Every structure is written in C-alpha cells, then in structure tokens.
K.L.:
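Sharing a structure, written as structure tokens. Questions coming.
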Amino acid sequence: MTAQESLDLISVTLNNNRRSILRNSAKYFVLWGTLLTLTSLAVYLLWHLTGKPQWNFLWFAMPLVGYPVAALMGKNKTAVPQNEVSKMLGAVWSVFGAFAITLSAVAVFLVPMNVTLIIVIIMGLAECMSGVLLKNWPIIVCGFLLGVGGAVFAMLVKSEAQLLVFTLGGILLLATGFVMKLQNK
C-alpha cells in the first residue's frame, strides 16, 4: 500500500467513524432535548402558577431520569469502536453535566447567582464544541445560537420567564438531533 493509499484509508475510516458517531448521537440529542424542554416548561409553569421558586428543585430530577433512559437506549446498540472523537465528545458533555450540577448546587446552598445565564452559556459551548469535533455546521450553529442568544435572553428577562431560555435550548437540542438523523440515514 502506498503512502497516499494509507492516507486515503485513514481519511475514509475517520469520516465513517464521524458519521457513525453522528448517527448514534442523534437519539441522545433528542432525549436530552425532550427532557430539557419538558422540565423547563414544568418548572416555569409551576413557579409561575404558585409563585414558589422551590420548583427549581425539579431540575435535579432531569439527570435522575435521563441517565438511566440513556443507558437503556445504548444497551442494544451495535458496538461502535471508541476513538478519540467519541471519547472527546463524551468528555465535553460529562464536563458540562458536572459544571451544571455543581453550579446549581452552589447557587442553591452557598452563593446565589444567575444559574440560568451560566448554564445556558456552558450548554451552548458544549453543543458548539460537539459540532466542531464532529465537523458539523448545524450543531455548531445551534450551539452558538443557544449560548449567545440564551445569554442575552437570560440578561434581559429577570422573572421566572427566564427559564424559558431552557425551553429554547431543548428545542435546539431536538432540532440538532433530528438534523443529525436526516444527515446520516
């Protein structure tokens, strides 16, 4: 095999892996987009109707539901070999989750802060970085819109309506998942 043939084989393999990751990741974008949309609407409506911000504790239920469902979704999938891109993608979202949960707990128990602003920025950044890793412009654009647009929204809206930025985030994650499915049928 010549050097050029070897490079072509590596390039084809990387592109096939990237497409496989996109195809397999789409369902997780749909899952988390759905959970984010439903949770944000529930927290907003309950807070708005009762006037009690304690409904924000429902956010902690989202990972309790999402992680087991994600594990079940991945249980019967065909094994895709782990590569550097898939490992980095998992790391990006794991770091986002750790930051989101920790900052939320800090805001509740230690130092009040605008958690909505912080989480929407890091969530947009995580999605944008996922798009960069996967070389996928729709994911990059959705992540950028979520991070920047969500930050502006979070700064302009000061009531419980600020939570609706996460409804937008959920819709963008859903849209990302559906675009990924369409692109990689």
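The shown structure was predicted, so the numbers you read here are calculated from the model rather than taken from an experiment.
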K.L.:
Does Phe153 reach the side chain of Thr116, with side-chain heavy atoms less than 4.5 Å apart?
P.N.:
no
K.L.:
Hey, what's the ring geometry for Phe96 with Trp93, parallel, tilted or perpendicular (30° and 60° as the breaks)?
P.N.:
perpendicular
K.L.:
May I ask you to decide if Val132's main-chain N or O and Lys135's side chain share a donor-acceptor pair within less than 3.5 Å?
P.N.:
no
K.L.:
List the atom of Phe166, the atom of Trp59, and the distance in Å for their closest heavy-atom pair.
P.N.:
CB-CH2, 3.8 Å
K.L.:
Evaluate the side-chain proximity of Phe29 to Lys181: yes if any heavy-atom separation is below 4.5 Å, no if none is.
P.N.:
no
K.L.:
In the structure I gave you, are the side-chain heavy atoms of Leu163 and Asn56 within less than 4.5 Å of one another anywhere?
P.N.:
yes
K.L.:
Under a 4.5 Å cut-off applied to non-hydrogen side-chain atoms, are Ile119 and Ser104 in contact?
P.N.:
yes
K.L.:
Can you run down the side chain to side chain donor-acceptor pair (under 3.5 Å) pairs that involve residues 105-115, sequence neighbours left out, and say none if there aren't any?
P.N.:
none
K.L.:
What's the shortest heavy-atom distance between Pro138 and Val179, and which atoms?
P.N.:
CB-CG1, 3.7 Å
K.L.:
With no hydrogens and no angle check, is any side-chain donor or acceptor of Ser40 less than 3.5 Å from a backbone partner on Thr37?
P.N.:
yes
K.L.:
Work out which heavy atom in Leu133 is nearest to a heavy atom in Leu89; give both atom names and the distance.
P.N.:
CD1-N, 3.8 Å
K.L.:
Given side chains that start at C-beta, do those of Glu127 and Cys142 come closer than 4.5 Å, heavy atoms only?
P.N.:
yes
K.L.:
Within the side chain of Gln162, is there an N or O that forms a donor-acceptor pair under 3.5 Å with the backbone of Val157?
P.N.:
yes
